[in-house]
Chemist: 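Input: one structure, supplied below.
For the numbers below, each heavy atom of this structure counts, side chains included, while hydrogens, waters and symmetry mates do not. In what follows, chains carry the letters A, B, and so on, assigned in the order in which the sequence lines appear, proteins first and then strands, with residues in each chain numbered from 1.
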Number of protein chains: 2
Amino acid sequence: MAPSTTPDTRRRILLTAMELFAAKGYGSTSVSDILSRSQANSGSLYHFFPGKQDVLIGVLEMYRDGIQEMLLDPAWRGVEDPVERVFALLAAYRGMLLESECLYGCPIGSLALEIHEPDPPVRELLAQNFTNWTTAIQGCLNEAGLPGGVDRKGLAEFILTTMEGAVMQARTHREIGYFDRSIEQLRQHMALLTQRALA
Amino acid sequence: MAPSTTPDTRRRILLTAMELFAAKGYGSTSVSDILSRSQANSGSLYHFFPGKQDVLIGVLEMYRDGIQEMLLDPAWRGVEDPVERVFALLAAYRGMLLESECLYGCPIGSLALEIHEPDPPVRELLAQNFTNWTTAIQGCLNEAGLPGGVDRKGLAEFILTTMEGAVMQARTHREIGYFDRSIEQLRQHMALLTQRALA
DNA sequence: GCTTCACTTGAACGATCGTTCAAGCGACCC
DNA sequence: GGGTCGCTTGAACGATCGTTCAAGTGAAGC
């Protein structure tokens, strides 16, 4: 649609907001923060977005629509085994924690807990992001040779639960060990689930 | 007013702030919110607290010092079995979710993820709250007849991880089922850990 | 050349934020 | 009675918030 020469202000604003929301949260990021970091003027922002919340909606849509390219593809590059892919994704979050000295983990989880009374479209997008995540994991679990009795959807949700809880503790203690130990427990759990059928 | 009871403005401010921080978060709670709901004046608040952040510190200290009376004692009333106590505590969080139609879960977890760059005293208090929680759970696990090889500290942290992640998903989806399914996975995990030694 | 229109510019707005402070109150000690 | 002091009162402050808008730009269609 837009020629390559256009500055693509809308996208620049969204990418900046994505970065700032992840780093400082939604409430602590001011519109003028977004404007100065994205080199845009308030009039431009309000030309594309009715208000600040609609910038958040745009960011959550980017996460939702980009989960494959932005998250799964990089995490799963060179990893074929479906169970390994589960832990490769978790390792990607570990990497984000390490890069930021345990400051930033999962941007969706942070926003989900920060925004206490979200308007319906925001809540819905947060939920969609979680659902897409667990659906991707469920795909791995389906490929994996799990015993028949295992509840794949429940286990996929549990893996998200573990990631979010582990990120929260690692961030709070500023210590990656809290993340690692929870992941290790999850690994044990999945091993026991697999092994139970063999016994 | 009631002359027999001391006004105890400081405590009234803290209890109000505790309530508001849990309901709206720290950033979205204004000082004037606290003042009007606690029937205090700004001068009184700033007489007791250097600033808003010190109110948060006071609230986190209340949570830390009151974990036994406010959280564990009510949850464990009439429950003696140590493993049952673990799930009774989790059931207490389930109750908070239900009472609020899946809006409020764990106030510490919400604050931990909302406050992205906490000053050291705040971060330290959040970490202390988590540590006290896992230490209490570890006490249960020590009493329980777990096989010798089980990592009690790691498992206690994993139980907190599960609670926080499960609360996050239930809140985001506004559906208690997301909480329940993660707890069920945890129950399986603990059952498998116990049973493995018997096999 | 003129019009149209998507987009940009940036000053300005009212609201609300956290915070300050001079003044006042009242219980207790001298 | 006078003085001290912990606590209260509430108006006021400057800063910053999200948002508005009138004016301007420039490419495309006629």
Side-chain angles (χ1 to χ4, degrees), chain A residues 1-60 111 114-122, chain B residues 1-60 111 114-122:
Chain A
M1 190 72 176
S4 57
T5 53
T6 45
D8 206 357
T9 309
R10 195 188 121 95
R11 185 173 170 76
R12 221 170 56 242
I13 287 171
L14 281 179
L15 288 172
T16 305
M18 180 181 268
E19 200 179 318
L20 287 171
F21 290 163
K24 312 173 45 172
Y26 175 70
S28 298
T29 298
S30 69
V31 172
S32 54
D33 277 342
I34 302 173
L35 294 175
S36 62
R37 292 266 298 248
S38 66
Q39 307 221 67
N41 292 95
S42 62
S44 294
L45 187 147
Y46 283 94
H47 172 74
F48 293 110
F49 306 97
K52 185 190 178 187
Q53 182 180 274
D54 301 274
V55 179
L56 173 62
I57 289 176
V59 166
L60 290 173
L111 290 169
E114 178 191 345
I115 301 171
H116 280 64
E117 284 161 4
D119 285 307
V122 173
Chain B
M1 299 288 183
S4 57
T5 59
T6 352
D8 206 357
T9 309
R10 196 189 120 96
R11 187 173 167 77
R12 221 170 55 242
I13 288 171
L14 282 178
L15 287 172
T16 305
M18 181 181 267
E19 200 178 319
L20 288 172
F21 290 164
K24 314 173 44 171
Y26 175 70
S28 299
T29 297
S30 68
V31 172
S32 52
D33 276 342
I34 302 174
L35 295 175
S36 61
R37 292 267 297 248
S38 65
Q39 306 221 64
N41 290 95
S42 61
S44 294
L45 188 146
Y46 283 93
H47 171 74
F48 293 110
F49 306 96
K52 186 190 177 189
Q53 182 180 274
D54 301 275
V55 178
L56 172 62
I57 289 176
V59 166
L60 291 174
L111 289 169
E114 177 190 346
I115 301 170
H116 285 241
E117 283 160 5
D119 285 307
V122 173

Chemist: For B/Ile13 and D/dT9, what is the distance between atoms CD1 and P respectively, to the nearest whole Å?
Modeler: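 Those two atoms, CD1 and P, are 10 Å apart.
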Chemist: Report the residues that fulfil side chain to side chain contact (heavy atoms under 4.5 Å, CB included) with A/Glu19, sequence neighbours left out, ordered by chain and then residue number.
Modeler: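 Counting only residues at least two positions away or on another chain, A/Glu19 forms a side chain to side chain contact (heavy atoms under 4.5 Å, CB included) with A/Arg37.
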Chemist: Taking NE2 from B/His47 and P from D/dT8, how many angstroms apart are they, rounded to a whole number?
Modeler: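 Computing the B/His47:NE2 to D/dT8:P distance gives 7 Å.
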Chemist: What integer distance in Å separates B/Gln39:CD from D/dG10:P?
Modeler: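 After rounding, the gap between these two atoms is 12 Å.
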Chemist: Return the value, rounded to whole Å, for the distance between atom CZ of B/Phe49 and atom C1' of D/dT8.
Modeler: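 B/Phe49 atom CZ is separated from D/dT8 atom C1' by 15 Å.
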Chemist: Donor-acceptor pairs under 3.5 Å, side chain of residues 27-35 of chain A to any protein atom, not counting sequence neighbours: which ones?
Modeler:
residue, atom, partner, partner atom, Å
A/Thr29, OG1, A/Leu20, O, 3.3
A/Thr29, OG1, A/Gly25, O, 2.7
A/Ser30, OG, A/Ser32, OG, 3.1
A/Ser30, OG, A/Asp33, N, 3.0
A/Ser30, OG, A/Asp33, OD2, 3.3
A/Asp33, OD2, A/Lys24, NZ, 2.7
A/Asp33, OD2, A/Ser30, N, 3.2

Chemist: Measure CG/B/Leu45 against P/D/dG10 and give the value in whole Å, please.
Modeler: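 Distance check: B/Leu45 CG to D/dG10 P gives 15 Å.
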Chemist: Is there a side-chain contact between B/Leu15 and B/Arg12 (heavy atoms, below 4.5 Å)?
Modeler: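 A side-chain contact under 4.5 Å is absent here.
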Chemist: Among pairs that include at least one residue of residues 45-60 of chain A, which meet salt bridge (charged side-chain N to carboxylate O under 4.0 Å, His left out), considering only residues two or more places apart or in two chains?
Modeler: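 Not a single pair qualifies under salt bridge (charged side-chain N to carboxylate O under 4.0 Å, His left out).
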Chemist: Does C/dT8 have OP1 or OP2 sitting under 4.0 Å from an N or O in the side chain of A/Asn41?
Modeler: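 Negative; the distance criterion is not met.
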Chemist: Can you name the side chain to side chain donor-acceptor pair (under 3.5 Å) partners of B/Gln53, sequence neighbours left out?
Modeler: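 B/Gln53 satisfies side chain to side chain donor-acceptor pair (under 3.5 Å) with B/Asp119 once adjacent residues are dropped.
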Chemist: Looking only at heavy atoms, what is the nearest atom pair of B/Leu56 and B/Ile115, with distance?
Modeler: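 Minimum heavy-atom contact is CD2-CD1, 3.5 Å.
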Chemist: What does nucleotides 15-24 of chain D look like as a protein-contact string, B for base, S for sugar-phosphate only, - for none, at under 4.0 angstrom between heavy atoms?
Modeler: --SSBBB---
